[in-house]
Amino acid sequence: MAVKKLSKDKVKEALQELTKFRLIAPAKSDEVVIFKQIENPDEAYLEYGNSTVPPKRVVFPQTETLFRFLRGSPELKEKDVEEEGTTVIFGLRPCDARAMAIVDRLFSWDYEDPYYLKRRQLTTLVGLACVEPPSVNCFCTSLGGSPFGTEGLDILLTDMGDHYLVQALTEKGEKLQETLSAHLEDAPAGDEKKAEELAAAAEGKIARSINTEGIPEKLPTLWEHELWKKVSAACLGCGICTFLCPTCHCFDIQDEVEETGEGRRARMWDSCMFSEYTLHASGHNPRPTRRERTRNRISHKYSYYPKRFEVIACVGCGRCINLCPVNIDILEILEQVVDAS
Amino acid sequence: MKNPYIPYEVKIEEAWYETPGDRCIKTFKVTFADEKVWDDWSHLPGQCAMVGIPGVGESMFCISSSPTEKGYLRFSIMKMGKNTSALHELEAGDSFYVRGPLGNNFPLEEWKGKNVITIGGGIGQAPLRPVIQWIRDNRDDFGELTVIYGARTSADHCFKPEFEDLGSCGDACCHLAVDVEEEGWPHFVGFVPTLLMEVSPSPENAIAVTCGPPIMIKFVLENLEKLGFAPEQVYTTLENRMKCGIGKCGRCNVGHLYVCKDGPVFSYSQLKEIPEAFA
């Protein structure tokens, strides 16, 4: 399908068109930007860097019902994800789309997770290329991503100044582009070349990096290394590095019952940085301190995940660095891993 | 897409206490409320299931019956936390819910023709019971069966009537132990790893399987090595806190392996490579 342009003065009407679906876009919420469902195009905020909470919450909600039940009744009522309807996530960053492509492997591995996978099928991802790096701590290019990366995306938008260049990447993307055809025009000649130049320039603006070669194999050999004590010493165990990570996918399952006897089994984000996460009913805890928990967080992302799924479970979005209350920096940890002997 | 989070209702046919005390063990013999579930259900010794009650929660337990025991499943559960306490309240005629079978199994096909030694401690006998039962029900496929089992006191022994039967019918050579001397106890007094050395099984054409408290497993593994067992001849099961049981929720990993999905059965040669395995 031909590349198109979406003039900036037509963005609102295009978004209006998309509200016939469940439209999710970046929006300001107090001091931060989050992805939320929008009914009114004015709510969308596309001039953003990156969202504080990654859009993973759209396909993997912070809390979601698995099934409902009535105490004493054998009937279990499964949550039907289809009811949520066709969804468009508009304006997400390439790293966050790539994160979904990475997490897809976990949720479709062996057992298929129906809640996540149905939502993914129902969702079209419209990405917004990073002409400028959203943060000083971006390092996507070290992990196989890029500011203009398309992995996981159905459409890529590039900010060309007075308009967006619209490139459909998948069948889903083409279908959505079709839906928007009334608001799109042919892309100006030379736009694609200009976008390539912007992409190359954007890569050059990524300030931080790590050479990941050899890290997955090296990590298990550093099991008892003193570095784990050092890098976890300041950790408060707040879990923000995992909650705000676009590839972290761990969850808890809890039952909730109301006085009426109606209840639900729900799953909710959990964090390997919490002591309860691995606590046995006997009181024994195989990861009793933040040293073991930090070691597991880094090892899971950079060693265990690639061992099973052939990709590192980190996209270099920089959120865990930007938002850690005690300035723990995953790149500094990885540097120590590289230097350790 | 089949939903692996939706459990099946099971009806309790019989329930009885194996052991007394605060941490008593209760066995439930159950069958599916919907008989059609049996058409889709097939498990092997070592496999597990998520067992629970909607409104309380669920936890992972080994299926303590062998698939050769048709028409029912057994679970032997120690009263420990919220979910197990709620399960212990249930009696014959009551229901609970089961998701499974989950995890891998003991490779009994590969053990055909070999001598099998099971070494259990306390509730650790629960995953070994289906192995023993499977061998008894396919007796000609295996060599000698040696069963070594110990608990704190004779009252803490699970499956007592079955051990009596097992020893007397000649299917296996049974060696029982209690930790401390007690009146009228005719068998070994001491810990299971010591009893193992006393029995001193030959490693030749043999497989050793051990389940029990971590400290017992640690010394049993050491002693098996002393007896000449190679790591690939030795199997054990691991346990960790679990939620999903299907390799998604993250928490039960030891190194790159998920206990719920890649386990619970591991060979010692596999675990030797994983520093976290016995954490």
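The analysis underlying the following values was restricted to heavy atoms, covering all of them including side chains, and did not include hydrogens, waters or symmetry mates. Order of the sequence lines sets the chain letters (A, B, ...), proteins ahead of strands, with each chain counted from 1.
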Heavy-atom cut-off 4.5 Å, strictly under: side chain, backbone, both or neither for Ile53(B) against chain A? backbone
Of all heavy-atom pairs between Pro114(A) and Pro4(B), which one has the smallest distance, and what is that distance? CD-CD, 3.6 Å
Is Cys252(B) in contact with chain A via its backbone, its side chain, both, or neither, using a 4.5 Å heavy-atom distance? neither
Hey, is Glu276(A) close enough to Arg241(B) for a salt bridge, meaning N to O under 4.0 Å? no
Quick check: are there more than 12 heavy atoms from other residues, nucleotides or ligands sitting under 6.0 Å from CZ of Phe191(B)? no
Hey, what do you get for NE2 (His284(A)) to CD (Glu239(B)), rounding to the nearest 0.5 Å? 9.0 Å
Ignoring hydrogens and geometry, is there a side-chain-to-backbone donor-acceptor pair from Tyr277(A) to Arg251(B) under 3.5 Å? yes
Any idea which of Ala33(B), Gly81(B), Gly57(B) has the most non-hydrogen atom pairs under 4.5 angstrom with chain A? Gly57(B)
If you draw a 6.0 Å radius around CZ in Arg23(B), do more than 12 non-hydrogen atoms from other residues or ligands fall strictly inside? no
Under 4.5 Å from a heavy atom of chain A, the part of Pro214(B) involved: neither
Is any side-chain heavy atom of Phe67(A) less than 4.5 Å from a side-chain heavy atom of Asn3(B)? no
Counting only heavy atoms not in Lys218(A) (residues, nucleotides, ligands), do more than 12 fall under 6.0 Å from its NZ? yes
Side chain, backbone, both or neither of Thr278(A) within contact of chain B (heavy atoms, under 4.5 Å): both
With only heavy atoms counted, which part of Ser271(A) is less than 4.5 Å from chain B, the side chain, the backbone, both or neither? neither
Counting only heavy atoms closer than 4.5 Å, note whether Arg267(A) contacts chain B via side chain, backbone, both or neither. side chain
Spacing of Ile253(A) atom CD1 and Tyr5(B) atom OH [to the nearest 0.5 Å]: 6.0 Å
Between Glu276(B), Lys248(B), Met80(B), which residue shows the highest count of heavy-atom pairs closer than 4.5 Å to chain A? Lys248(B)
Which of the residues Asp110(A), Asp255(A), Leu66(A) is involved in the greatest number of heavy-atom pairs with chain B at under 4.5 angstrom? Asp255(A)
With a 4.5 angstrom heavy-atom cut-off, could you sort out which part of Trp109(A) is near chain B: side chain, backbone, both or neither? both
Region of Asn296(A) in contact with chain B, defined by heavy-atom distances below 4.5 Å: side chain
Could you tell me whether Arg308(A) and Asp262(B) make a salt bridge, using a distance below 4.0 angstrom between a side-chain N and a carboxylate O? yes
Looking at chain B, which one of Tyr116(A), Tyr111(A), Phe69(A) has the largest number of heavy-atom pairs inside 4.5 Å, strictly under? Tyr111(A)
Do Asn240(B) and Pro286(A) have side chains that get closer than 4.5 Å, going by heavy atoms? yes
Residue from Leu117(A), Val257(A), Leu106(A) scoring the most non-hydrogen pairs under 4.5 Å with chain B is Leu106(A)
Just say parallel, tilted or perpendicular for the rings of Tyr258(B) and His300(A), cut-offs at 30° and 60°. perpendicular
Should Pro7(B) and Leu76(A) count as side-chain neighbours, where that means a heavy-atom distance under 4.5 Å? yes
Below 4.5 Å from any heavy atom of chain B, which atoms of Glu256(A) appear? Answer side chain, backbone, both or neither. neither
With a 4.5 angstrom heavy-atom cut-off, which part of Asn253(B) approaches chain A: side chain, backbone, both or neither? both
With a 4.5 angstrom heavy-atom cut-off, which part of Thr221(A) approaches chain B: side chain, backbone, both or neither? neither
Side-chain touch Asp270(A)/Lys243(B), heavy atoms, less than 4.5 angstrom: no
Write down the atom of Glu9(B), the atom of Pro74(A), and the distance for their closest heavy-atom approach. OE1-CB, 3.2 Å
Answer with side chain, backbone, both or neither: which region of Leu279(A) has an atom nearer than 4.5 Å to a non-hydrogen atom of chain B? both
Pair count under 4.5 Å, heavy atoms only, with chain B: among Arg295(A), Arg265(A), Arg71(A), Glu112(A), highest is Arg265(A)
Does NZ belonging to Lys172(A) count more than 12 external heavy atoms closer than 6.0 Å? yes
Which atoms of Arg287(A) approach chain B - backbone, side chain, both or neither, heavy atom under 4.5 Å: side chain
Looking at Tyr305(A), Tyr115(A), Phe107(A), which has the largest count of heavy-atom pairs under 4.5 Å with chain B? Tyr115(A)
Based on non-hydrogen pairs under 4.5 Å, which of Gly250(B), Gly52(B), Gly255(B) is most in contact with chain A? Gly255(B)
So which atom in Ser73(A) and which in Tyr97(B) form the shortest heavy-atom distance, rounded to 0.1 Å? O-OH, 3.9 Å
